[in-house]
Amino acid sequence: MKQPKRLKDNRNHVLHYNPEYMPTEGVVVPAMTEKGPLVLDYLDRAYQVFDNALNAHSKVLAVRFDLKLPQGIPLPDDAQTNRVMRRFLASLQSKIDANLKRKRSPHRCLVRHIVAREIGHKNQNLHFHVMLLLNGHAFRHIGSIDCEHDNLFWLIVEAWASALKVTLVEAVDGVQVGFKRGVAHYYLDPIEDYHKLPEAFYRVSYLCKAATKQYGDRHHGLMTSRR
């Protein structure tokens with residue numbers, strides 16, 4: 001069967017089937033095509049965020065997690081829209097700024113992001129796949145769910161709680177990797193020749209898949225930072 005070149009639901013999107021992606025001449029990174037074709041424009045935008053982060057900082061912490069809505073409790077009227085994600089990102093930026101200021105860190109950390117808005121095939125529940133690219137001089141690790149509430153993991157939980165106007169207890173189960181609570185991260189370090197970069201991009205390419213996105217409802221399927 002001939003593979004379609006463009007997405008049926010949005011003819012502006014060119015589809016990418018190759019398990020390798022070449023963002024620029026001489027650069028090849030793996031792409032996760034096992035779940036179906038990817039949207040080429042999404043791949044381009046995701047790589048641009050990586051490029052911006054690596055141009056801004058010699059060391060970058062890439063953080064990959066999912067955000068899900070709590071069930072069975074009252075949520076804001078716009079919880080099913082991308083506005084809740086914009087609140088999350090703004091809240092996280094504010095909390096990171098305050099955290100670094102409190103620790104008298106000499107570093108600043110712009111929250112660069114790649115976010116996919118998706119609807120599950122089986123349960124039709126809205127969820128967000130997220131990768132953040134942060135200043136690796138400001139943050140080297142995520143921290144643990146079992147530690148005190150003064151690490152990057154808990155800053156993420158606090159920002160999600162703030163965006164949804166719920167408690168930390170209600171929000172924490174919604175910060176997940178796969179079916180488990182927690183966050184996966186990749187430390188991109190020139191000393192190690194950025195050897196984690198292909199793995200990190202492979203993980204984020206999953207956010208660029210054409211499946212499970214909603215088209216034509218005025219909600220962008222992929223949100224990326226521009227700086």
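Residue numbers run from 1 in the order of the sequence given.
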- Side-chain heavy-atom pair Val39, Val14 within 4.5 angstrom cut-off: no
- Do side-chain atoms of Gln80 reach the backbone of Asp77 as a donor and acceptor pair under 3.5 angstrom? no
- Task: Go through the structure and list residues passing side-chain contact (heavy atoms from CB on, under 4.5 Å) with Arg108, not counting sequence neighbours.
- Result: none
Expected list for residues 88-97: side-chain donor-acceptor pairs under 3.5 angstrom, two or more places apart:
from  : atom 1 : to     : atom 2 : distance (Å)
Gln93 : OE1    : Val111 : N      : 2.8
Gln93 : NE2    : Asp97  : OD1    : 3.0
Gln93 : NE2    : Cys109 : O      : 2.9

- State which residues pass ring-ring contact (aromatic ring centres under 6.0 Å, His included) with His57; sequence neighbours excluded, sorted by chain then number. none
- Query: So among Val60, Leu100, Val63, Leu132, which one has a side chain to side chain contact (heavy atoms under 4.5 Å, CB included) with Phe139?
  - Reply: Leu100
- With no hydrogens and no angle check, is any side-chain donor or acceptor of Glu118 less than 3.5 Å from a backbone partner on Ala116? no
- Indicate, with yes or no, if the rings of His13 and Tyr42 have centres closer together than 6.0 Å. yes
- Task: Mind checking ring-ring contact (aromatic ring centres under 6.0 Å, His included) for Tyr206 and listing every partner two or more places apart, or none if nothing turns up?
- Result: His129
- Query: Between CG of Leu222 and NZ of Lys209, what distance do you get to the nearest 0.5 Å?
  - Reply: 10.5 Å
- Residues Arg203 and Tyr186: side-chain donor-acceptor under 3.5 angstrom: yes
- Message: Restricting to side-chain contact (heavy atoms from CB on, under 4.5 Å), what partner residues turn up for Pro198, sequence neighbours left out?
- Response: Pro30
For residues 162-172, which side-chain donor-acceptor pairs fall under 3.5 Å, sequence neighbours excluded?
from   : atom 1 : to     : atom 2 : distance (Å)
Thr167 : OG1    : Glu170 : N      : 3.1
Thr167 : OG1    : Glu170 : OE1    : 3.3
Glu170 : OE1    : Thr167 : N      : 2.9

- Task: List in chain and number order the residues that pass ring-ring contact (aromatic ring centres under 6.0 Å, His included) with His107, two or more places apart in sequence or in another chain; answer none if no residue qualifies.
- Result: His137
- Item | Same apolar cluster: Leu133 and Met32, side chain cutoff 4.5 Å | yes
- Item | Residues in salt bridge (Lys or Arg N to Asp or Glu O under 4.0 Å) contact with Asp41, at least two apart in sequence or another chain | Arg45
- For Asp78 and Thr81, indicate whether the former's side chain and the latter's backbone hold a donor-acceptor pair under 3.5 Å. no
- Query: With a cutoff of under 4.5 Å between side-chain heavy atoms, which Ile, Leu, Val, Met, Phe, Trp and Tyr residues group with Val28?
  - Reply: Met22
- Message: Would the distance check show the side chain of Asp189 and the main-chain N or O of Ile191 forming a donor-acceptor pair, the cut-off being under 3.5 Å?
- Response: yes
- Task: List for me each residue that meets salt bridge (Lys or Arg N to Asp or Glu O under 4.0 Å) alongside Arg102, sequence neighbours excluded, and say none if there are none.
- Result: Asp150
- Message: Under the rule for salt bridge (Lys or Arg N to Asp or Glu O under 4.0 Å), what residues qualify as partners of Glu192, not counting sequence neighbours?
- Response: none
- With Phe50 via ring-ring contact (aromatic ring centres under 6.0 Å, His included) - residues at least two apart: Phe201
- Query: Are Leu67 and Ile73 connected in the hydrophobic side-chain network, where two residues link if heavy atoms are under 4.5 Å apart?
  - Reply: yes
- Following the transitive rule for hydrophobic clusters with a side-chain heavy-atom cut-off under 4.5 Å over Ile, Leu, Val, Met, Phe, Trp and Tyr, establish whether Leu110 and Leu61 coincide in one cluster. no
